[in-house]
Amino acid sequence: MKPKDLKPPFKWGEQYTTIQDKIFYTFEPFGKETLHFEFPGWDHPDVFGNDQPVKIEYCSGHGHWIAHQALTDPEVNWVAVEKLFVRLRKIWSKMKNYSLNNLFSVCGEAYDITKRYIPSASVTEVYVNFPDPWPKKKHAKYRLIQPAFIEEIYRILKPEGTITLVTDDENYSIQMMEVLNSQPGFISCYPEPYFCTSREGYGNSFFEDLWREKGKGIRYLLYQKVEVTYDL
Ligand SMILES: C[S@@+](CC[C@H](N)C(=O)[O-])C[C@H]1O[C@@H](n2cnc3c(N)ncnc32)[C@H](O)[C@@H]1O
């Protein structure tokens, strides 16, 4: 199957929110299907149809990393989240060509789809590999890793669930650490300086290969969800 073989169930301009062929199309509320759409849950037959652990990768791009995970770790249900349809259909073609029944893709914006659809305490691990760095200071507000998004990640993770963040952008990694270190619900699994520069057996993404080839340094951050207790 080629990426262009993926035909969405609607005409462009008339899109709505629906799940078809392991793709969750999430769109602004154009019609009443969207307004009333409720995510049916990970174990629904249109999603995974079983109760294996769920791991999500946000900003999946062409899906190299997550397709490899789904192939080599079939006892996990993998979810790719990518906002661009042109990229998402490349993930879909990998799913088809490798018969990855444990890979489900969401076409939508990471924060929005998490807040609207992902059930609380339902995910064991979250990954964000090379999110867009928005390097200019005036664009930093567009970065995905912000307190509101991390609060949503805290909500969807199961107890002791983890989030891994990978970036080649030093400045963005500092923002990531600031956001996570100031969230009492997370602790860093790495001691100060709170990142490492390689992670054995992590797998490769398109951007990871590109930046390593260019000799760029890469930072891996790993945080775990912890119970928040308040002193009275
Ligand atoms: C730099 S690429 C990295 C792709 C892949 N993770 C890799 O390492 O090769 C960032 C990807 O994130 C997607 N993206 C950026 N912001 C997003 C958001 N808020 N929600 C969903 N996807 C997003 C972009 O469309 C792009 O495909």
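Counting starts at 1 for both ligands and their atoms, following the listed order. The chain is numbered in sequence order, starting from 1.
Checked against the 6.0 Å centroid threshold, F37 and F24 count as a close aromatic pair.
Residue-ligand proximity, F130 to ligand 1, at heavy-atom distances under 4.0 Å covers atoms 1 (C), 2 (S), 3 (C), 8 (O), 10 (C). Less than 4.0 angstrom separates some heavy atom of A110 from each of these atoms of ligand 1: 18 (C), 19 (N), 20 (N), 21 (C). Within the listing of ligand 1, atoms 25 (O) sit less than 4.0 angstrom from a heavy atom of L84. Short contacts between ligand 1 and S205, defined as distances under 4.0 Å to a heavy atom of the residue, involve ligand atoms 7 (C), 8 (O), 9 (O). Set against the non-hydrogen atoms of G108, the atoms of ligand 1 under 4.0 Å away are 20 (N), 21 (C). Shown in contact with F206 at under 4.0 Å from a heavy atom are these atoms of ligand 1, numbered in order with element: 9 (O). Below 4.0 Å from some heavy atom of R87 lie the following atoms of ligand 1, by number and element: 24 (C), 25 (O), 26 (C), 27 (O). Atoms of ligand 1 lying under 4.0 Å from at least one heavy atom of N129, given by number and element, are 3 (C), 5 (C), 6 (N), 8 (O).
No donor-acceptor pair under 3.5 Å is formed between the side chain of T167 and the backbone N or O of F130. A donor-acceptor contact shorter than 3.5 Å is absent between the side chain of Q224 and the backbone of T162. Within the 3.5 Å criterion, the main-chain N or O of V126 finds no donor-acceptor partner in the side chain of K55. The closest donor-acceptor contact from the side chain of K7 to the backbone of K4 lies under 3.5 Å. In this structure a side-chain-to-backbone donor-acceptor pair under 3.5 Å is present from T26 to C107.
For atom 25 (O) of ligand 1, the closest non-hydrogen atom on the protein side is E82 OE2, 2.6 Å. When hydrogens are left out, the protein atom nearest atom 19 (N) of ligand 1 is E109 OE2, 2.7 Å; that is the closest non-hydrogen contact. Scanning all protein heavy atoms for the shortest distance to atom 15 (C) of ligand 1 gives D132 OD2, 3.2 Å. Here the heavy atom of the protein found nearest to atom 22 (N) of ligand 1 is K83 N, 3.3 Å.
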Please determine whether side chain to side chain donor-acceptor pair (under 3.5 Å) holds for the pair E57 and N129, giving the CA-CA distance in whole Å, both sets of side-chain angles, and the decisive distance to 0.1 Å. CA-CA 7 Å; E57 183 197 24; N129 295 317; 2.8 Å; yes

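T164 and Y202 form no side-chain donor-acceptor contact under 3.5 Å, judged by distance and modelled atom types alone.
Taken from OG in S93 to CG in L88, the straight-line distance is 10.0 Å, to the nearest 0.5 Å.
Checked by distance only, ligand 1 and C59 come closer than 3.5 Å through their nitrogen or oxygen atoms. The N/O atoms of F207, backbone and side chain alike, include one that comes under 3.5 Å of an N/O atom in ligand 1.
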